Asks: 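Encoded as structure tokens, here's the structure I'll be asking about.
Numbers restart at 1 for each chain; the letters A, B, ... are given by sequence-line order, proteins then strands. Just so it is clear, the model here is predicted, and its values are computed rather than measured.
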There are 4 protein chains.
Amino acid sequence: MVGHAFMGRAHSQAWRTVGPFFGPPLTPVMAALAGRDAGRAAAAARTLGWASSESDWKQLLRRDDVEIVDVCTPGDAHAEIAVAALEAGKHVLCEKPLANSVAEAEAMAAAAERARARGVRSMVGFNYRRVPAVSLARRLVAQGRVGTVRHIRAQYLQDWLTDPRSPFTWRLDRDKAGTGALGDIGAHIIDTAQFITGHALAGVSAVMGTFVPERPLPGGGTAEVTVDDAALFVGRTDGGALASFEATRMATGRKNALRIEVSGSSGALAFDLESMNELWFYDGAQDAETAGFRRIVVTEPVHPYAGRWWPPGHLLGYEHTFTHQMADFLAAIAGGTDPSPSFADGLRVQRVLAAVEASAASGGWADVEGSL
Amino acid sequence: MVGHAFMGRAHSQAWRTVGPFFGPPLTPVMAALAGRDAGRAAAAARTLGWASSESDWKQLLRRDDVEIVDVCTPGDAHAEIAVAALEAGKHVLCEKPLANSVAEAEAMAAAAERARARGVRSMVGFNYRRVPAVSLARRLVAQGRVGTVRHIRAQYLQDWLTDPRSPFTWRLDRDKAGTGALGDIGAHIIDTAQFITGHALAGVSAVMGTFVPERPLPGGGTAEVTVDDAALFVGRTDGGALASFEATRMATGRKNALRIEVSGSSGALAFDLESMNELWFYDGAQDAETAGFRRIVVTEPVHPYAGRWWPPGHLLGYEHTFTHQMADFLAAIAGGTDPSPSFADGLRVQRVLAAVEASAASGGWADVEGSL
Amino acid sequence: MVGHAFMGRAHSQAWRTVGPFFGPPLTPVMAALAGRDAGRAAAAARTLGWASSESDWKQLLRRDDVEIVDVCTPGDAHAEIAVAALEAGKHVLCEKPLANSVAEAEAMAAAAERARARGVRSMVGFNYRRVPAVSLARRLVAQGRVGTVRHIRAQYLQDWLTDPRSPFTWRLDRDKAGTGALGDIGAHIIDTAQFITGHALAGVSAVMGTFVPERPLPGGGTAEVTVDDAALFVGRTDGGALASFEATRMATGRKNALRIEVSGSSGALAFDLESMNELWFYDGAQDAETAGFRRIVVTEPVHPYAGRWWPPGHLLGYEHTFTHQMADFLAAIAGGTDPSPSFADGLRVQRVLAAVEASAASGGWADVEGSL
Amino acid sequence: MVGHAFMGRAHSQAWRTVGPFFGPPLTPVMAALAGRDAGRAAAAARTLGWASSESDWKQLLRRDDVEIVDVCTPGDAHAEIAVAALEAGKHVLCEKPLANSVAEAEAMAAAAERARARGVRSMVGFNYRRVPAVSLARRLVAQGRVGTVRHIRAQYLQDWLTDPRSPFTWRLDRDKAGTGALGDIGAHIIDTAQFITGHALAGVSAVMGTFVPERPLPGGGTAEVTVDDAALFVGRTDGGALASFEATRMATGRKNALRIEVSGSSGALAFDLESMNELWFYDGAQDAETAGFRRIVVTEPVHPYAGRWWPPGHLLGYEHTFTHQMADFLAAIAGGTDPSPSFADGLRVQRVLAAVEASAASGGWADVEGSL
């Protein structure tokens, strides 16, 4: 694993947990953690349960006991590490967004395609696909239970930048992070919405903004915020739906509200990550007298992933999505199949991000590259 | 009153009820109802409690016992009736949207301004301003309890056109209705959002669509739907907020979900007309340990309008908004003050509607006429 | 109508509204209002829309233009007025609880039975039966959609006495009110639960308490509170269900939360008067993957009463329950059928109240008189 | 650890996870798992991550590498194992309910008291105390933010026995389980309610019932259900509150709804385990205009336990409660302090269970032994 901050902690817990609960065909061994500072990497390895540490990620590629490279760094390093790892024959799990630019993402998708021919697998870490309620939503759409999708309304609302005294971090630096709310959390709702509906965004019209243009540095002084605090857009999908998206870190009081609603010709779905064990479903086939949105507590044995954990009504949390991700990745490697979402899926999201940026800059409509 | 369909019924109930509950300075007398078909107008007058009926609305203007004209017709007749009534010295309450075009709305606002100089009052029927929870929301914003408004997310979701067999009506005819979801329900969220926040939309970028282009006529055959089923847009306000709006009649399972969220620099608000007695408020000044959105049941004596009705916790319904409207209109007439929302307010909404249509047609950004 | 306080206002609004919306076979004329103080009765008649007033309710019985007597006084006067009115050949609508004692209620039920033989009708005002969601709940149970009822959990939570400085009123005086929370709001949940399920309470085990034993008098000084602030009991029904009831005026933050849940062998229902337009229904026949409580917005044309009012999603409020009550009462009088709930139904509730008091006093189980 | 069924899995996950997230002063080593069947115990040890296995729990007491014994067996074995382990100088964590009878629980509490004198620690596994929202609730009550507690309403609703075809298990056998819903889930709400409020139940009046008296055996035939399907009671606390409790496995549609509401003289709290990351708080000190129950998402750094995990808004699940339990237990052992809840706390719950059974059997009030 490369990186040991927030995502590194989440991934470590998933690697540790996937064995006892999913009994995967391949048993993961937490071999080595890489981080730029040798001392901090070693300390993180001890805390997070890795057997060894490296101060240069390239060392991981040379080690025979490393078969999977898990990329948890900021976005600017994704392309270099992931491409090198794939070329070294390591399976790669890369955090989202896939890259900081379409060009990088294209290079990565091409590398993944080449590696695939040699049986080397790759996957991008859109973990919210594996919230059981989100997986169930996709299943219901695929089964036709909402009919033709007509509307998507997707929001990812956080509030950790509401306070102007909140300090500057790498996530606010365009060079490191690419974009702000757009790439960090907007990427999640774009991928999740496309995953649930099976539609791809074809064109968008956007506004973006930065409400607090300068923030204090931890060591004193201030730094310019070079990314967006919020990005909003409307769009059309290749399946004829009209969609509305909003990603913001300025939604006071909303801590982690990834909300998606899908309106179809004969049904509807609603989800909120702040109540992540629930899926709301309106079944147009219900009798008129009792029709209504039903609150499904997605913890039944018939529900995706849920049967591996606890009895009905016993909730899962945030980190479980990563465990599910590792379980599916290991199963794909063992089974010689393509894990999903692929780097190509990651590229598709990257192209939507680029279209949003282009539209916000021009004030006009922007088609998503590569869509119909 | 002119017109006796859905709005006519709602207004009649309000005129009947305003006396006992609000004890207004002027006591309304339900003198006459006008409708094009003499027989149906007479029958409606009996059912709805009007003392007499007319088959030509112009007769109302000639009657001395008519001091107020309440316009409840489809939008294409608003301008002619309202302007004539104002010129005849009658106070006018006109249903929303004010008109079917900016030109008509401008003429009406000008007529209202002229009439005002003669002490003749006018008001446009954005009744949702007078939901107690909405009035309270505006009050809290005005008191500074959410700080600077940064985001507006507004949706008006209905589903009565989801079924393609749902018949053609005047509301689907561009000549009668002007636009579809946009003018009918989009106008409500535009006005309500502007009312709550005190911001005005300055520019928009929109998509509109018609999912069912043809519908059955009650008498057989079909007719082309010449208005939108749905309109979505993002925009910027004159106060620097980023906003997202969606009006649709295709949101399966949502019956009447006018939902508005406001995110400010130090607080937030959320409202849903399907739970119209509740306002959700996040107070950024709360201690961190217990901060959360609070569900205010807006039925306390200190809340707008509520003290006139029942004890705390006893809910109000849809029609009460009209009673509140009549109470405030009568108070303004009696007090010689300007009722709100004015025809000028209605014109401002009309200009947003026009900008949305222009943007959806061009695929580009459209400034709202008359805004900064 | 006798009485012109809170209930008098609510009933007046209902008599005024029932005509336009329900077009009943008999058109009510608001002839006369009776109240002990001549001046206040006359003023109330003007405000509430009654044509005349009387300072002695006995005058109403002598008037030929009075065909219905609507009893809205405190409970200690119910028996005398209702029995006299029935004997005078007037149809009687009497507020709940039917009386302050079982003996009074028995006398009233007997008088009702005698009057019925002469075509004179009577009804007790358990208005919450006519919340559309409650009527729908009963309909679903009757249709077998929850199977055999196994559990009832009913609560009526208010908080208007939480503050010890809240003044003394007749509702806190045992002589006037009979009991406190038990008879005032406990009677409602007992009746509503029995109505929905079709079960009758057979025996109970109760605790009651008064948290604030003395309260200030409006004119100075204090008075002893001689009724309960809260009454809780568990019980068994004649249908084999286990039930839990709580009525309290001390539930800080709950304004008017009449909450009922029914668990059946193959389904369940939940209702909260603070969201009175919603019924939650769990249908055990749903497929396992999408099973969940569904939120029914009870405003569809197929729902009880709702079709008489507004389009789907347009909410009704507290006072509408009274309008529904009047509509059904008028229909029964015109049709020569027995309105429901009858005085006998009121007596049954009274017997449960008596059993609760007996159990709380003795600390033991108390059977409900007259049940199996 | 003794036992490797549902609770064994949950505890194993907690022992595995406590290190990386809580960095406890003592690092747990998962040394040995005991189970009656040697083969199944060995397999479970492998799956759940234990280094060795034993087919006799007594072997654990003889091993020097075992310092803590974690008792996850059915209730009938708790007393023997726990007492022996304490006498052997092992710290003991024992699942709830502490025992199947008051006599056993008394013996255990006495053994715990003796062991304590020698520095040997014991704790009973009421894990729901360590849901962050529940811990926060207790903190708010202790800070006086709800005032004097007047009402407790507690329900633990499950539905896994709704279907009469659901098979017989040890949980339905009085000899193994002691009681049914009462001891299994009723014990949880009794402990949780007492924990939050600081009150102890002083007396109760109860009803219990078994709706399905016979159930199929997995191998064919049927067995008699000798425990309760549901237990309901009202009661008084030593602090003067009136309380209502219901534990049932027959609440169709409720999967794991442990719901607790507390009404105090100046505030209120509500919790539902099906939304376990939320606490609802009504603060009586709020201004009247914005007073309302607030939904606290209990994932902030200032909240109990939450800061050890993920950023705000990232939810925790069922199993985290066990991790918190292990963290606190290890901290108490290392610090030489008494962990909580103690065996004495477990005994207090056992005495309430006994009073409930006694009351249900006699139909009368039953005082809780040892209370005031």
Asks: Please classify the contact of C/A257 with chain B as side chain, backbone, both or neither, using a heavy-atom distance under 4.5 Å.
Replies: neither
Asks: Which one, C/L48, C/T17, C/N256, C/D159, leads in non-hydrogen pairs under 4.5 Å with chain B?
Replies: C/N256
Asks: Classify the side-chain pair B/H314/C/E274 by whether it contains a donor and acceptor separated by less than 3.5 Å.
Replies: no
Asks: With a 4.5 angstrom heavy-atom cut-off, is it the side chain or the backbone of B/R294 that approaches chain C, or both, or neither?
Replies: neither
Asks: For B/L273 versus C/L315, what's the shortest heavy-atom pair and its separation?
Replies: O-CD1, 3.8 Å
Asks: Quick one: closest heavy-atom pair of B/G313 and C/K255, and the distance?
Replies: CA-CB, 3.5 Å
Asks: Do B/R9 side-chain atoms and C/F21 backbone N/O form a donor-acceptor pair below 3.5 Å?
Replies: no
Asks: For the pair C/F6 and B/W310, name the ring-plane relationship: parallel under 30°, tilted 30 to 60°, perpendicular over 60°.
Replies: tilted
Asks: Do you know which of B/E300, B/E319, B/M276 has the most heavy-atom pairs with chain C at a distance under 4.5 angstrom?
Replies: B/E319
Asks: Quick one: does B/P311's side chain get under 4.5 Å of C/Q158's, heavy atoms only?
Replies: no
Asks: So what's closer than 4.5 Å to chain B heavy atoms on C/W309: side chain, backbone, both or neither?
Replies: both
